[in-house]
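Order of the sequence lines fixes the chain letters, A, B, ..., with proteins taken first and strands second; residue numbering starts at 1 for each chain.
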2 protein chains.
Amino acid sequence: MTPSPDSTTGLKRAQILQGALEIFLRQGYEGTSMDRVAAAAGVSKITIYKHFEDKEGLFTALIEQVTAQRFNQVFGTISLDDHPDQVLRQIAQKFLALLAVDDEYVAFLRLIIGESGRFPALAQLFIRSLPQKVWRSLGHYFDSHPDLAIAHPDAVARIFTGTLLSYAMTQRIMHGQHIAPMDPDLLIDCLIGLILAPQPTPPENL
Amino acid sequence: MTPSPDSTTGLKRAQILQGALEIFLRQGYEGTSMDRVAAAAGVSKITIYKHFEDKEGLFTALIEQVTAQRFNQVFGTISLDDHPDQVLRQIAQKFLALLAVDDEYVAFLRLIIGESGRFPALAQLFIRSLPQKVWRSLGHYFDSHPDLAIAHPDAVARIFTGTLLSYAMTQRIMHGQHIAPMDPDLLIDCLIGLILAPQPTPPENL
DNA sequence: TCGCAACTATACTATACCGTATAGTAATAT
DNA sequence: ATATTACTATACGGTATAGTATAGTTGCGA
(Lines give C-alpha, C1' and ligand atoms only; values in the text may rest on other atoms or scores of the structure.)
Protein backbone atom coordinates (compact mmCIF):
# COMPACT_ATOMS: atom_id res chain seq x y z
CA MET A 1 0.00 0.00 0.00
CA THR A 2 1.21 3.47 -0.79
CA PRO A 3 2.10 5.35 2.39
CA SER A 4 -0.40 8.08 1.61
CA PRO A 5 -1.56 7.84 -1.96
CA ASP A 6 -3.07 11.31 -2.03
CA SER A 7 -0.65 13.25 0.13
CA THR A 8 2.90 11.96 -0.39
CA THR A 9 2.29 11.26 -4.05
CA GLY A 10 0.32 14.47 -4.28
CA LEU A 11 3.22 16.36 -2.80
CA LYS A 12 5.65 15.14 -5.44
CA ARG A 13 3.13 16.01 -8.09
CA ALA A 14 2.73 19.52 -6.73
CA GLN A 15 6.48 19.83 -6.46
CA ILE A 16 6.89 18.92 -10.10
CA LEU A 17 4.19 21.35 -11.16
CA GLN A 18 5.87 24.11 -9.18
CA GLY A 19 9.18 23.48 -10.90
CA ALA A 20 7.49 23.20 -14.27
CA LEU A 21 5.74 26.51 -13.70
CA GLU A 22 9.04 28.33 -13.20
CA ILE A 23 10.62 26.98 -16.34
CA PHE A 24 7.64 27.03 -18.69
CA LEU A 25 6.81 30.61 -17.76
CA ARG A 26 10.36 31.76 -18.40
CA GLN A 27 11.30 29.61 -21.40
CA GLY A 28 8.02 28.85 -23.14
CA TYR A 29 6.91 25.39 -24.21
CA GLU A 30 9.52 24.55 -26.82
CA GLY A 31 12.25 26.27 -24.87
CA THR A 32 11.64 24.12 -21.81
CA SER A 33 13.58 20.90 -21.33
CA MET A 34 12.48 18.15 -19.03
CA ASP A 35 15.95 18.10 -17.48
CA ARG A 36 15.56 21.70 -16.41
CA VAL A 37 12.11 21.02 -15.05
CA ALA A 38 13.49 18.11 -13.06
CA ALA A 39 16.29 20.27 -11.68
CA ALA A 40 13.95 23.13 -10.81
CA ALA A 41 11.56 20.75 -9.11
CA GLY A 42 14.34 19.01 -7.23
CA VAL A 43 13.17 15.71 -8.63
CA SER A 44 14.57 12.96 -10.77
CA LYS A 45 13.54 13.22 -14.38
CA ILE A 46 12.05 9.77 -14.44
CA THR A 47 9.78 10.71 -11.57
CA ILE A 48 8.18 13.30 -13.81
CA TYR A 49 7.36 10.57 -16.31
CA LYS A 50 5.86 8.50 -13.49
CA HIS A 51 3.43 11.31 -12.72
CA PHE A 52 2.76 12.68 -16.18
CA GLU A 53 2.38 11.09 -19.56
CA ASP A 54 4.93 13.24 -21.39
CA LYS A 55 5.96 16.85 -21.85
CA GLU A 56 2.63 17.75 -23.38
CA GLY A 57 0.73 16.10 -20.53
CA LEU A 58 2.77 17.97 -17.96
CA PHE A 59 2.15 21.25 -19.75
CA THR A 60 -1.55 20.60 -20.00
CA ALA A 61 -1.85 19.70 -16.32
CA LEU A 62 0.12 22.78 -15.39
CA ILE A 63 -2.02 25.18 -17.37
CA GLU A 64 -5.20 23.54 -16.11
CA GLN A 65 -4.09 23.98 -12.53
CA VAL A 66 -2.97 27.57 -12.87
CA THR A 67 -6.05 28.50 -14.87
CA ALA A 68 -8.34 27.09 -12.22
CA GLN A 69 -6.54 28.64 -9.30
CA ARG A 70 -6.11 32.13 -10.69
CA PHE A 71 -9.76 32.95 -11.23
CA ASN A 72 -10.59 33.56 -7.59
CA GLN A 73 -7.71 35.94 -7.29
CA VAL A 74 -9.24 38.29 -9.83
CA PHE A 75 -12.95 37.78 -9.54
CA GLY A 76 -13.65 35.68 -6.48
CA THR A 77 -13.97 38.48 -3.95
CA ILE A 78 -16.28 40.81 -5.84
CA SER A 79 -19.67 41.52 -4.32
CA LEU A 80 -22.36 42.23 -6.86
CA ASP A 81 -24.57 44.01 -4.34
CA ASP A 82 -23.06 47.48 -4.29
CA HIS A 83 -23.84 50.48 -6.43
CA PRO A 84 -23.10 49.74 -10.11
CA ASP A 85 -20.32 52.27 -10.17
CA GLN A 86 -18.70 50.54 -7.23
CA VAL A 87 -19.11 47.06 -8.68
CA LEU A 88 -17.50 47.93 -11.98
CA ARG A 89 -14.78 49.94 -10.30
CA GLN A 90 -13.90 47.07 -7.98
CA ILE A 91 -13.56 44.60 -10.81
CA ALA A 92 -11.48 46.94 -12.91
CA GLN A 93 -9.19 48.02 -10.12
CA LYS A 94 -8.64 44.50 -8.87
CA PHE A 95 -7.72 43.24 -12.32
CA LEU A 96 -5.36 46.07 -13.15
CA ALA A 97 -3.79 46.05 -9.69
CA LEU A 98 -3.11 42.35 -9.95
CA LEU A 99 -1.49 42.75 -13.34
CA ALA A 100 0.61 45.69 -12.20
CA VAL A 101 2.28 43.53 -9.60
CA ASP A 102 2.10 39.92 -10.66
CA ASP A 103 4.84 39.24 -13.19
CA GLU A 104 4.09 35.56 -13.00
CA TYR A 105 0.55 36.12 -14.20
CA VAL A 106 1.79 38.28 -17.04
CA ALA A 107 4.15 35.51 -18.09
CA PHE A 108 1.31 33.04 -17.83
CA LEU A 109 -0.83 35.08 -20.19
CA ARG A 110 2.05 35.32 -22.65
CA LEU A 111 2.48 31.58 -22.53
CA ILE A 112 -1.14 30.58 -22.99
CA ILE A 113 -1.65 33.09 -25.80
CA GLY A 114 1.57 32.15 -27.53
CA GLU A 115 0.75 28.45 -27.42
CA SER A 116 -2.93 28.85 -28.30
CA GLY A 117 -2.17 27.80 -31.85
CA ARG A 118 -0.75 24.44 -30.82
CA PHE A 119 -2.92 24.00 -27.70
CA PRO A 120 -6.36 25.32 -28.67
CA ALA A 121 -8.08 23.34 -25.94
CA LEU A 122 -6.02 25.09 -23.28
CA ALA A 123 -6.85 28.49 -24.68
CA GLN A 124 -10.53 27.61 -24.64
CA LEU A 125 -10.20 26.35 -21.08
CA PHE A 126 -8.80 29.74 -20.16
CA ILE A 127 -11.62 31.54 -21.96
CA ARG A 128 -14.18 29.51 -20.06
CA SER A 129 -12.37 29.92 -16.76
CA LEU A 130 -11.97 33.66 -16.71
CA PRO A 131 -13.34 35.98 -19.37
CA GLN A 132 -16.50 33.99 -20.01
CA LYS A 133 -17.34 33.99 -16.32
CA VAL A 134 -16.86 37.74 -16.18
CA TRP A 135 -18.96 38.24 -19.31
CA ARG A 136 -21.77 36.18 -17.85
CA SER A 137 -21.66 37.75 -14.41
CA LEU A 138 -21.65 41.24 -15.84
CA GLY A 139 -24.35 40.34 -18.32
CA HIS A 140 -26.65 39.06 -15.58
CA TYR A 141 -25.80 42.02 -13.44
CA PHE A 142 -26.77 44.45 -16.18
CA ASP A 143 -29.89 42.44 -16.93
CA SER A 144 -31.00 42.65 -13.33
CA HIS A 145 -30.56 46.42 -13.25
CA PRO A 146 -32.92 47.77 -15.88
CA ASP A 147 -32.47 51.24 -14.41
CA LEU A 148 -29.04 51.31 -16.03
CA ALA A 149 -30.81 51.27 -19.41
CA ILE A 150 -28.21 49.06 -20.99
CA ALA A 151 -29.60 47.89 -24.28
CA HIS A 152 -27.16 45.05 -24.95
CA PRO A 153 -25.68 43.72 -21.72
CA ASP A 154 -23.55 41.11 -23.47
CA ALA A 155 -21.91 43.62 -25.75
CA VAL A 156 -21.31 46.10 -22.96
CA ALA A 157 -19.77 43.36 -20.85
CA ARG A 158 -17.36 42.69 -23.73
CA ILE A 159 -16.50 46.36 -23.99
CA PHE A 160 -15.81 46.55 -20.29
CA THR A 161 -13.62 43.46 -20.02
CA GLY A 162 -12.08 44.07 -23.43
CA THR A 163 -10.82 47.49 -22.43
CA LEU A 164 -9.18 46.04 -19.33
CA LEU A 165 -7.71 43.04 -21.08
CA SER A 166 -6.25 45.14 -23.85
CA TYR A 167 -4.79 47.53 -21.33
CA ALA A 168 -2.98 44.59 -19.76
CA MET A 169 -2.05 43.38 -23.20
CA THR A 170 -0.45 46.54 -24.50
CA GLN A 171 0.95 48.03 -21.31
CA ARG A 172 2.28 45.02 -19.47
CA ILE A 173 2.46 41.98 -21.72
CA MET A 174 3.89 43.87 -24.67
CA HIS A 175 5.90 46.37 -22.62
CA GLY A 176 4.01 49.40 -23.83
CA GLN A 177 3.85 51.14 -20.47
CA HIS A 178 7.11 53.01 -21.00
CA ILE A 179 6.61 54.05 -24.59
CA ALA A 180 2.87 54.84 -24.41
CA PRO A 181 1.83 55.35 -20.82
CA MET A 182 -1.81 55.67 -19.81
CA ASP A 183 -3.21 56.37 -16.39
CA PRO A 184 -5.26 53.34 -15.37
CA ASP A 185 -7.55 55.32 -13.07
CA LEU A 186 -8.43 57.75 -15.81
CA LEU A 187 -9.18 54.84 -18.11
CA ILE A 188 -11.41 53.23 -15.50
CA ASP A 189 -13.23 56.50 -14.83
CA CYS A 190 -13.87 57.03 -18.51
CA LEU A 191 -14.95 53.48 -19.12
CA ILE A 192 -17.45 53.47 -16.29
CA GLY A 193 -18.61 56.92 -17.30
CA LEU A 194 -19.42 55.72 -20.82
CA ILE A 195 -21.22 52.63 -19.62
CA LEU A 196 -23.29 54.17 -16.85
CA ALA A 197 -24.22 57.37 -18.68
CA PRO A 198 -27.82 57.45 -19.87
CA GLN A 199 -28.12 56.38 -23.50
CA PRO A 200 -30.68 58.65 -25.18
CA THR A 201 -30.42 57.02 -28.58
CA PRO A 202 -30.19 53.25 -28.50
CA PRO A 203 -27.62 51.69 -30.85
CA GLU A 204 -30.32 50.24 -33.08
CA ASN A 205 -31.04 53.68 -34.52
CA LEU A 206 -27.56 54.24 -35.85
CA MET B 1 30.23 44.17 -59.30
CA THR B 2 27.05 42.56 -58.18
CA PRO B 3 24.65 42.09 -61.07
CA SER B 4 21.93 44.05 -59.34
CA PRO B 5 22.84 44.58 -55.74
CA ASP B 6 19.38 45.72 -54.69
CA SER B 7 17.19 43.51 -56.82
CA THR B 8 18.81 40.08 -57.14
CA THR B 9 20.12 40.20 -53.60
CA GLY B 10 16.87 41.71 -52.45
CA LEU B 11 14.95 38.91 -54.08
CA LYS B 12 16.84 36.22 -52.19
CA ARG B 13 16.31 38.17 -49.02
CA ALA B 14 12.59 38.41 -49.62
CA GLN B 15 12.51 34.72 -50.52
CA ILE B 16 14.13 33.84 -47.21
CA LEU B 17 11.76 36.07 -45.27
CA GLN B 18 8.80 34.44 -47.00
CA GLY B 19 9.99 30.97 -46.02
CA ALA B 20 10.81 32.12 -42.52
CA LEU B 21 7.33 33.57 -42.17
CA GLU B 22 5.70 30.23 -42.92
CA ILE B 23 7.75 28.32 -40.40
CA PHE B 24 7.95 30.85 -37.59
CA LEU B 25 4.21 31.43 -37.69
CA ARG B 26 3.46 27.73 -37.52
CA GLN B 27 6.20 26.55 -35.16
CA GLY B 28 7.06 29.55 -33.03
CA TYR B 29 10.55 30.85 -32.42
CA GLU B 30 12.06 27.94 -30.49
CA GLY B 31 10.17 25.42 -32.58
CA THR B 32 11.66 26.72 -35.80
CA SER B 33 14.87 25.26 -37.19
CA MET B 34 17.03 27.01 -39.71
CA ASP B 35 17.04 23.86 -41.84
CA ARG B 36 13.28 24.03 -42.15
CA VAL B 37 13.42 27.70 -43.01
CA ALA B 38 15.99 26.97 -45.68
CA ALA B 39 13.82 24.22 -47.12
CA ALA B 40 10.67 26.35 -47.04
CA ALA B 41 12.49 29.23 -48.69
CA GLY B 42 14.04 26.97 -51.32
CA VAL B 43 17.44 28.26 -50.34
CA SER B 44 20.63 26.85 -48.98
CA LYS B 45 21.02 27.26 -45.27
CA ILE B 46 24.30 29.05 -45.55
CA THR B 47 22.67 31.66 -47.76
CA ILE B 48 20.44 32.58 -44.84
CA TYR B 49 23.53 33.26 -42.76
CA LYS B 50 24.91 35.41 -45.56
CA HIS B 51 21.84 37.61 -45.40
CA PHE B 52 21.11 37.56 -41.69
CA GLU B 53 23.28 37.56 -38.61
CA ASP B 54 21.71 34.54 -36.94
CA LYS B 55 18.35 33.06 -36.04
CA GLU B 56 17.51 35.98 -33.81
CA GLY B 57 18.45 38.48 -36.50
CA LEU B 58 16.27 36.71 -39.04
CA PHE B 59 13.38 36.66 -36.61
CA THR B 60 13.80 40.34 -35.83
CA ALA B 61 13.94 41.30 -39.49
CA LEU B 62 10.87 39.19 -40.18
CA ILE B 63 8.78 40.76 -37.44
CA GLU B 64 9.90 44.24 -38.45
CA GLN B 65 8.85 43.64 -42.02
CA VAL B 66 5.46 42.16 -41.23
CA THR B 67 4.75 44.78 -38.61
CA ALA B 68 5.44 47.58 -41.05
CA GLN B 69 3.51 46.08 -43.92
CA ARG B 70 0.38 45.14 -41.99
CA PHE B 71 -0.39 48.59 -40.69
CA ASN B 72 -1.56 49.93 -44.01
CA GLN B 73 -3.82 46.97 -44.47
CA VAL B 74 -5.79 47.90 -41.35
CA PHE B 75 -5.45 51.61 -41.05
CA GLY B 76 -3.96 52.95 -44.26
CA THR B 77 -7.18 53.37 -46.19
CA ILE B 78 -9.24 55.14 -43.58
CA SER B 79 -10.38 58.66 -44.33
CA LEU B 80 -10.79 60.83 -41.27
CA ASP B 81 -13.13 63.22 -43.05
CA ASP B 82 -16.44 61.44 -42.79
CA HIS B 83 -19.05 61.59 -40.10
CA PRO B 84 -17.63 60.34 -36.77
CA ASP B 85 -19.95 57.40 -36.79
CA GLN B 86 -18.66 56.40 -40.21
CA VAL B 87 -15.01 56.90 -39.29
CA LEU B 88 -15.21 54.71 -36.22
CA ARG B 89 -17.31 52.14 -37.99
CA GLN B 90 -14.86 51.90 -40.86
CA ILE B 91 -11.91 51.31 -38.58
CA ALA B 92 -13.72 48.72 -36.50
CA GLN B 93 -15.16 46.85 -39.46
CA LYS B 94 -11.89 46.82 -41.33
CA PHE B 95 -9.98 45.46 -38.38
CA LEU B 96 -12.50 42.76 -37.49
CA ALA B 97 -13.00 41.79 -41.12
CA LEU B 98 -9.28 41.38 -41.61
CA LEU B 99 -8.99 39.20 -38.54
CA ALA B 100 -11.97 37.09 -39.51
CA VAL B 101 -10.21 36.04 -42.69
CA ASP B 102 -6.49 36.38 -42.20
CA ASP B 103 -5.22 33.32 -40.35
CA GLU B 104 -1.69 34.43 -41.01
CA TYR B 105 -2.21 37.65 -39.13
CA VAL B 106 -3.77 35.76 -36.22
CA ALA B 107 -0.73 33.51 -36.07
CA PHE B 108 1.49 36.57 -36.25
CA LEU B 109 -0.22 38.11 -33.23
CA ARG B 110 0.16 34.85 -31.31
CA LEU B 111 3.84 34.78 -32.13
CA ILE B 112 4.68 38.34 -31.20
CA ILE B 113 2.71 38.14 -27.96
CA GLY B 114 4.14 34.78 -27.02
CA GLU B 115 7.70 35.98 -27.61
CA SER B 116 7.22 39.39 -26.05
CA GLY B 117 8.92 38.15 -22.89
CA ARG B 118 12.12 37.23 -24.71
CA PHE B 119 11.89 39.93 -27.41
CA PRO B 120 10.57 43.01 -25.64
CA ALA B 121 11.91 45.33 -28.33
CA LEU B 122 9.84 43.59 -30.99
CA ALA B 123 6.70 43.86 -28.90
CA GLN B 124 7.35 47.56 -28.45
CA LEU B 125 7.96 47.90 -32.16
CA PHE B 126 4.55 46.39 -32.76
CA ILE B 127 2.96 48.72 -30.20
CA ARG B 128 4.46 51.71 -31.96
CA SER B 129 3.58 50.45 -35.40
CA LEU B 130 -0.08 49.73 -34.92
CA PRO B 131 -1.98 50.43 -31.70
CA GLN B 132 -0.09 53.61 -30.87
CA LYS B 133 -0.77 55.02 -34.30
CA VAL B 134 -4.45 54.26 -33.90
CA TRP B 135 -4.50 55.78 -30.41
CA ARG B 136 -2.90 58.95 -31.68
CA SER B 137 -5.02 59.26 -34.78
CA LEU B 138 -8.20 58.71 -32.83
CA GLY B 139 -7.03 61.07 -30.10
CA HIS B 140 -6.39 63.86 -32.58
CA TYR B 141 -9.63 63.13 -34.33
CA PHE B 142 -11.58 63.44 -31.10
CA ASP B 143 -9.66 66.55 -30.15
CA SER B 144 -10.54 68.21 -33.42
CA HIS B 145 -14.23 67.43 -32.97
CA PRO B 146 -15.24 69.22 -29.79
CA ASP B 147 -18.88 68.72 -30.74
CA LEU B 148 -18.46 65.09 -29.76
CA ALA B 149 -17.95 66.28 -26.17
CA ILE B 150 -15.36 63.64 -25.44
CA ALA B 151 -13.72 64.61 -22.19
CA HIS B 152 -10.67 62.35 -22.43
CA PRO B 153 -9.82 61.51 -26.02
CA ASP B 154 -6.83 59.36 -25.10
CA ALA B 155 -8.82 57.17 -22.76
CA VAL B 156 -11.71 56.82 -25.19
CA ALA B 157 -9.28 55.87 -27.94
CA ARG B 158 -7.99 53.11 -25.67
CA ILE B 159 -11.51 51.90 -24.98
CA PHE B 160 -12.30 51.81 -28.68
CA THR B 161 -9.20 49.97 -29.79
CA GLY B 162 -9.12 47.85 -26.65
CA THR B 163 -12.57 46.48 -27.30
CA LEU B 164 -11.59 45.51 -30.83
CA LEU B 165 -8.24 44.03 -29.90
CA SER B 166 -9.75 41.96 -27.11
CA TYR B 167 -12.45 40.72 -29.41
CA ALA B 168 -9.74 39.45 -31.73
CA MET B 169 -7.90 38.08 -28.74
CA THR B 170 -10.67 36.02 -27.27
CA GLN B 171 -12.62 35.05 -30.37
CA ARG B 172 -9.91 34.29 -32.87
CA ILE B 173 -6.52 34.02 -31.22
CA MET B 174 -7.77 31.96 -28.29
CA HIS B 175 -10.48 30.10 -30.23
CA GLY B 176 -13.35 31.50 -28.23
CA GLN B 177 -15.66 32.06 -31.18
CA HIS B 178 -17.24 28.61 -30.96
CA ILE B 179 -17.65 28.42 -27.20
CA ALA B 180 -18.67 32.04 -26.59
CA PRO B 181 -19.86 33.62 -29.80
CA MET B 182 -20.55 37.33 -30.10
CA ASP B 183 -21.93 39.22 -33.05
CA PRO B 184 -19.23 41.65 -34.19
CA ASP B 185 -21.70 44.10 -35.70
CA LEU B 186 -23.67 44.32 -32.49
CA LEU B 187 -20.45 44.92 -30.60
CA ILE B 188 -19.44 47.68 -33.00
CA ASP B 189 -22.88 49.30 -32.80
CA CYS B 190 -22.80 49.27 -29.05
CA LEU B 191 -19.27 50.55 -28.83
CA ILE B 192 -19.89 53.47 -31.16
CA GLY B 193 -23.18 54.13 -29.41
CA LEU B 194 -21.44 54.48 -26.06
CA ILE B 195 -18.71 56.72 -27.40
CA LEU B 196 -20.82 59.05 -29.50
CA ALA B 197 -23.71 59.37 -27.07
CA PRO B 198 -23.83 62.71 -25.28
CA GLN B 199 -22.18 62.52 -21.88
CA PRO B 200 -24.31 64.58 -19.47
CA THR B 201 -22.06 63.92 -16.49
CA PRO B 202 -18.36 64.06 -17.31
CA PRO B 203 -16.23 61.35 -15.73
CA GLU B 204 -14.60 63.82 -13.35
CA ASN B 205 -17.82 64.00 -11.32
CA LEU B 206 -17.85 60.31 -10.45
C1' DT C 1 13.84 -10.17 7.98
C1' DC C 2 11.51 -9.81 3.65
C1' DG C 3 8.95 -7.54 0.07
C1' DC C 4 7.44 -3.62 -2.13
C1' DA C 5 6.65 0.93 -3.71
C1' DA C 6 8.52 5.33 -4.69
C1' DC C 7 12.33 7.50 -5.50
C1' DT C 8 17.45 9.03 -7.14
C1' DA C 9 21.45 9.11 -10.11
C1' DT C 10 23.47 8.12 -14.18
C1' DA C 11 23.92 6.58 -18.55
C1' DC C 12 21.97 5.61 -22.75
C1' DT C 13 19.44 5.85 -27.70
C1' DA C 14 18.18 8.26 -31.29
C1' DT C 15 17.32 12.44 -32.97
C1' DA C 16 17.69 17.28 -33.75
C1' DC C 17 19.69 21.73 -33.36
C1' DC C 18 22.89 26.04 -34.63
C1' DG C 19 26.33 27.66 -37.00
C1' DT C 20 30.43 26.64 -39.93
C1' DA C 21 33.46 24.35 -43.23
C1' DT C 22 34.33 22.44 -47.58
C1' DA C 23 33.86 21.70 -52.32
C1' DG C 24 31.74 22.87 -56.32
C1' DT C 25 28.55 25.56 -59.82
C1' DA C 26 26.75 29.52 -62.64
C1' DA C 27 27.20 34.12 -64.04
C1' DT C 28 29.39 38.32 -64.71
C1' DA C 29 33.55 41.69 -65.06
C1' DT C 30 38.04 42.69 -66.52
C1' DA D 1 41.35 33.31 -69.31
C1' DT D 2 40.88 34.67 -64.72
C1' DA D 3 38.81 36.69 -60.67
C1' DT D 4 34.90 37.64 -58.17
C1' DT D 5 30.28 37.19 -56.49
C1' DA D 6 26.43 34.65 -55.13
C1' DC D 7 24.90 30.68 -54.63
C1' DT D 8 24.05 25.06 -53.74
C1' DA D 9 24.81 20.63 -51.57
C1' DT D 10 26.64 18.09 -48.11
C1' DA D 11 28.80 17.18 -44.03
C1' DC D 12 30.52 18.18 -39.66
C1' DG D 13 31.40 19.61 -34.37
C1' DG D 14 29.57 20.25 -30.38
C1' DT D 15 25.61 20.51 -27.87
C1' DA D 16 20.99 19.53 -26.44
C1' DT D 17 16.69 17.20 -26.66
C1' DA D 18 12.65 13.48 -25.25
C1' DG D 19 12.17 9.59 -23.29
C1' DT D 20 14.01 4.96 -21.47
C1' DA D 21 16.93 1.61 -19.06
C1' DT D 22 19.63 0.15 -15.33
C1' DA D 23 21.21 -0.05 -10.86
C1' DG D 24 20.87 1.41 -6.39
C1' DT D 25 18.52 3.80 -2.23
C1' DT D 26 15.00 4.92 1.23
C1' DG D 27 11.07 3.97 3.98
C1' DC D 28 7.26 1.36 5.41
C1' DG D 29 4.19 -2.64 6.47
C1' DA D 30 3.86 -7.63 7.79
Side-chain angles (χ1 to χ4, degrees), chain A residues 1-63 111 114-115 117-119 122, chain B residues 1-63 111 114-115 117-119 122:
Chain A
M1 175 196 173
T2 306
S4 34
D6 291 30
S7 81
T8 289
T9 296
L11 280 181
K12 274 287 173 231
R13 200 186 138 93
Q15 194 178 334
I16 294 169
L17 286 171
Q18 173 56 37
L21 184 64
E22 278 176 40
I23 311 301
F24 275 116
L25 286 191
R26 262 213 313 276
Q27 314 281 349
Y29 180 77
E30 296 283 356
T32 290
S33 82
M34 298 300 266
D35 283 301
R36 288 181 84 85
V37 171
V43 149
S44 181
K45 185 165 68 161
I46 210 168
T47 303
I48 300 179
Y49 285 95
K50 285 271 154 62
H51 286 268
F52 301 92
E53 178 80 6
D54 53 10
K55 187 182 178 182
E56 200 169 311
L58 172 62
F59 182 70
T60 311
L62 174 69
I63 297 296
L111 181 61
E115 299 301 334
R118 270 149 296 170
F119 296 92
L122 291 184
Chain B
M1 177 193 173
T2 305
S4 32
D6 290 31
S7 80
T8 289
T9 296
L11 279 182
K12 273 289 173 225
R13 200 187 138 94
Q15 195 178 333
I16 294 169
L17 285 171
Q18 174 55 39
L21 184 66
E22 278 176 41
I23 310 300
F24 275 115
L25 286 191
R26 262 212 315 275
Q27 315 280 350
Y29 180 77
E30 296 283 357
T32 291
S33 83
M34 298 299 266
D35 283 299
R36 287 181 85 84
V37 172
V43 150
S44 182
K45 186 166 65 161
I46 210 168
T47 303
I48 300 180
Y49 285 94
K50 284 269 156 60
H51 286 268
F52 302 93
E53 179 79 5
D54 53 9
K55 188 181 178 182
E56 200 169 311
L58 172 61
F59 182 69
T60 311
L62 174 70
I63 297 295
L111 180 62
E115 299 300 335
R118 270 148 297 169
F119 295 92
L122 291 184

(message) Side-chain N or O of A:T47 versus OP1/OP2 of C:dT8: is the shortest distance under 4.0 Å?
(response) yes
(request) Indicate the atoms forming the closest heavy-atom contact of B:V43 with B:I16, along with that distance. (result) CG1-CG1, 4.2 Å
(request) Could you pull out the closest heavy-atom pair between B:Y29 and B:K55, with the gap in Å? (result) O-NZ, 3.0 Å
(message) Rounded to whole Å, please give me the gap between CZ in A:F52 and P in C:dC7.
(response) 11 Å
(message) How close do B:L111 and B:G28 get, counting heavy atoms only, and between which atoms?
(response) CD1-CA, 3.8 Å
(message) If you count heavy atoms of other groups shown closer than 6.0 angstrom to CZ of B:R36, is the number above 12?
(response) no
(request) Specify the separation, in whole Å, of atom CD of A:Q27 and atom C1' of D:dA16. (result) 13 Å
Produce the list of close N/O pairs, under 3.5 Å, pairing protein atoms with atoms of nucleotides 22-27 of chain D; give distances to one decimal.
none

(message) Can you tell me which residue among B:H51, B:M34, B:E53 is in a side chain to side chain contact (heavy atoms under 4.5 Å, CB included) with B:L58?
(response) B:M34
(request) Could you state the atom-to-atom distance from CZ of A:F59 to P of D:dA18 in whole Å? (result) 14 Å
(message) On a heavy-atom basis, which atom in A:A61 and which in A:F52 lie closest, and how many Å separate them?
(response) CB-CE2, 3.7 Å
(request) Kindly say if A:H51 contacts the phosphate of C:dC7, meaning a side-chain N or O under 4.0 Å from OP1 or OP2. (result) yes
(message) Is there a side-chain contact between A:K12 and the phosphate of C:dT8, meaning an N or O under 4.0 Å from OP1 or OP2?
(response) yes
(request) Find the distance A:I16:CD1 to C:dA6:P and express it as a whole number of Å. (result) 13 Å
(message) Looking at every heavy atom in both B:G19 and B:A40, which two are closest together, and how far apart are they?
(response) O-CB, 3.9 Å
Any N/O pairs under 3.5 Å between the protein and nucleotides 17-19 of chain C? List them or say none.
residue: C:dC17; atom: OP1; partner: B:S33; partner atom: OG; Å: 3.4
residue: C:dC18; atom: OP1; partner: B:T32; partner atom: O; Å: 3.1
residue: C:dC18; atom: OP1; partner: B:M34; partner atom: N; Å: 3.4
residue: C:dC18; atom: OP1; partner: B:K55; partner atom: NZ; Å: 3.3
residue: C:dC18; atom: OP2; partner: B:M34; partner atom: N; Å: 2.7
residue: C:dG19; atom: OP2; partner: B:Y49; partner atom: OH; Å: 2.8
residue: C:dG19; atom: OP2; partner: B:K55; partner atom: N; Å: 3.3
residue: C:dG19; atom: N7; partner: B:K45; partner atom: NZ; Å: 2.8
residue: C:dG19; atom: O6; partner: B:K45; partner atom: NZ; Å: 2.7

(request) Give the C-alpha distance, both sets of side-chain angles, the deciding distance and a yes or no for side-chain contact (heavy atoms from CB on, under 4.5 Å) between B:L122 and B:F59. (result) CA-CA 10 Å; B:L122 291 184; B:F59 182 69; 3.5 Å; yes
